[in-house]
Enquirer: 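After the structure tokens below, expect a handful of questions from me.
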Amino acid sequence: MRYRLMLIKIGIKKGLASKYALIFWLFSSLISLTVQYFLWQAVLIGKPNGEFKQTISYLVLMQLLTVLFPKTSYDVNDKVRSGDIALDLLKPVAFATQLLWESIGYSVVKFAVIGTVDLLVCLWNLNFKIALSTILMVLVTAILAYLLYFELELLLGTFSFYTYSIWGISTFKEAILLVLAGNIFPANFYPAVIKKLAAYLPFQYSFGAVGMLAQKPSWSLFIQVVLIQLTYIALFNVLFRFLFKRSVVSTVIQGG
């Protein structure tokens, strides 16, 4: 446990070391919120005010998750290209565990600087009227969504052992998320075909499913989402372990 706390502190220090990046992300977040507010105000003109507020709250929550979720694939890529992964493999804690707790530390800093603003905007938009059960559902599914996204990023990171650059793969992932995750448009605006496809794939359960629970909380939906999230987390974990073991054996450290 002490080692994990140390890794969280390392992640926090990394986050605090990039102060200007945090300020830039904060302003970007505020600009994005402003644009989305006026855009959806125009899109939902003539609709009940409650629907507009729910949509904005959903999008703010999605932006919060996007800010907090780790970009672990780039961390793996940087370590492979620099050769630092050789030192990480010698540490007494598993490589994935190191990345997870450092990412949590970095996310804590991003939440303190950026996430708090998004959360306050979301609560203000809902007039601070939100049931305790809804908060619990959103919190649990958001934590599992974080782990699911982390596992997905780890899987993408393993390609670094073969390509030494995952920029193209990561761009492809972002394109898929744009269509299937529900972090740009609420899932209820999707065509029926895409909505059905997204329901079977993991991407929505990292973003959109959390937002759907926040909009229309129900215990049946909560249990369904949690079970699917846990299934994908376990599946991705097993797949990562298999690929990582094979990849490390054939790794050639560049430059030494």
Side-chain angles (χ1 to χ4, degrees), residues 10-11 14-15 17-29 31-32 35 62-89 94-107 109-110 114 145-185 194 197-198 201-208 232-233 235-237 239-256:
I10 291 172
K14 282 183 179 179
S18 53
K19 297 177 206 167
Y20 295 111
L22 289 171
I23 293 170
F24 175 77
W25 285 337
L26 175 59
F27 278 106
S28 298
S29 177
I31 292 169
S32 176
V35 170
M62 293 302 99
Q63 181 169 288
L64 173 61
L65 296 181
T66 302
V67 167
L68 296 182
F69 283 3
K71 298 293 183 283
T72 313
S73 56
Y74 285 106
D75 292 334
V76 177
N77 186 60
D78 291 342
K79 288 177 181 292
V80 171
R81 294 184 69 178
S82 66
D84 289 341
I85 192 170
L87 299 175
D88 291 320
L89 293 173
F95 179 63
T97 305
Q98 295 173 45
L99 291 174
L100 174 61
W101 292 100
E102 283 187 24
S103 297
I104 290 172
Y106 201 170
S107 295
V109 175
K110 287 194 286 186
I114 307 163
Y146 186 98
L147 294 174
L148 175 55
Y149 192 82
F150 173 78
E151 294 287 351
L152 177 61
E153 283 282 307
L154 275 181
L155 274 177
L156 290 177
T158 57
F159 288 99
S160 303
F161 292 98
Y162 305 101
T163 63
Y164 298 103
S165 175
I166 59 162
W167 180 83
I169 297 169
S170 185
T171 303
F172 179 66
K173 178 209 69 177
E174 294 297 334
I176 292 176
L177 289 177
L178 183 67
V179 177
L180 298 173
N183 60 336
I184 302 297
F185 298 101
I194 295 180
L197 178 63
L201 296 175
F203 311 107
Q204 179 174 277
Y205 299 96
S206 288
F207 291 97
Y232 272 117
I233 289 170
L235 177 63
F236 285 167
N237 184 264
L239 188 56
F240 166 73
R241 288 172 183 272
F242 173 75
L243 291 176
F244 186 73
K245 191 177 290 187
R246 292 176 63 88
S247 301
V248 167
V249 171
S250 59
T251 301
V252 177
I253 301 300
Q254 301 298 300

Enquirer: Search all heavy atoms of K110 against all heavy atoms of V67 and return the closest pair with its distance.
Expert: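 Between these two residues, the closest heavy atoms are NZ-O, 2.9 Å.
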Enquirer: Within the structure provided, determine whether L152 and Y232 are in side-chain contact (heavy-atom separation under 4.5 Å).
Expert: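 No, their side chains stay 4.5 Å or more apart.
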Enquirer: Tell me, please, which residues at least two apart from K173 pass salt bridge (Lys or Arg N to Asp or Glu O under 4.0 Å).
Expert: E153
Enquirer: So, taking the atom named CG in L177 and the one named CZ in F203, what distance separates them when rounded to the nearest 0.5 Å?
Expert: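 So the CG of L177 and the CZ of F203 are separated by 6.5 Å.
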Enquirer: Looking at side-chain heavy atoms only, is the closest gap between T171 and E174 below 4.5 Å?
Expert: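 The answer is no; the side chains never approach within 4.5 Å.
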Enquirer: Kindly compute the distance separating CG (L155) from CG (L243), expressed to the nearest 0.5 Å.
Expert: 6.5 Å
Enquirer: Supply the atom-to-atom distance S73 OG to L99 CG, rounded to the nearest 0.5 angstrom.
Expert: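 The distance works out to 10.5 Å.
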Enquirer: Strictly distance-based, threshold 3.5 Å: is any side-chain N or O of S32 a donor or acceptor partner for the main-chain N or O of S28?
Expert: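 No, the answer is negative, given that no donor and acceptor are paired below the 3.5 Å cut-off.
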Enquirer: So, using side-chain hydrogen bond (donor to acceptor under 3.5 Å, both in side chains) as the criterion, who are the partners of S170 when residues are at least two apart?
Expert: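 Expected list: Y74.
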Enquirer: Measure the shortest side-chain to side-chain distance between Y146 and S103 over non-hydrogen atoms and say whether it is less than 4.5 angstrom.
Expert: yes
Enquirer: Indicate the atoms forming the closest heavy-atom contact of A96 with F240, along with that distance.
Expert: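 Closest approach of A96 to F240, heavy atoms only: CB-CE2, 3.8 Å.
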Enquirer: How long is the straight-line distance from CH2 of W101 back to OG1 of T97, given to the nearest 0.5 Å?
Expert: 9.0 Å
Enquirer: If we only count heavy atoms from C-beta on, is the L147 to L100 side-chain gap below 4.5 Å?
Expert: yes
Enquirer: State, to 0.1 Å, how close F207 and M62 come at their nearest heavy-atom pair, and which atoms those are.
Expert: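 Residues F207 and M62, closest heavy atoms: O-CE, 3.2 Å.
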Enquirer: Once rounded to the nearest 0.5 Å, what's the spacing between atom CD of Q204 and atom CG of L148?
Expert: 11.5 Å
Enquirer: State which residues pass side-chain contact (heavy atoms from CB on, under 4.5 Å) with E102; sequence neighbours excluded, sorted by chain then number.
Expert: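 E102: side-chain contact (heavy atoms from CB on, under 4.5 Å) contacts with L7, I10, K14.
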Enquirer: For a 4.5 angstrom cut-off between non-hydrogen side-chain atoms, does L154 reach F236?
Expert: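 No, side chains not in contact.
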Enquirer: Where do Y149 and S206 come nearest, in terms of heavy atoms and distance?
Expert: N-OG, 3.7 Å
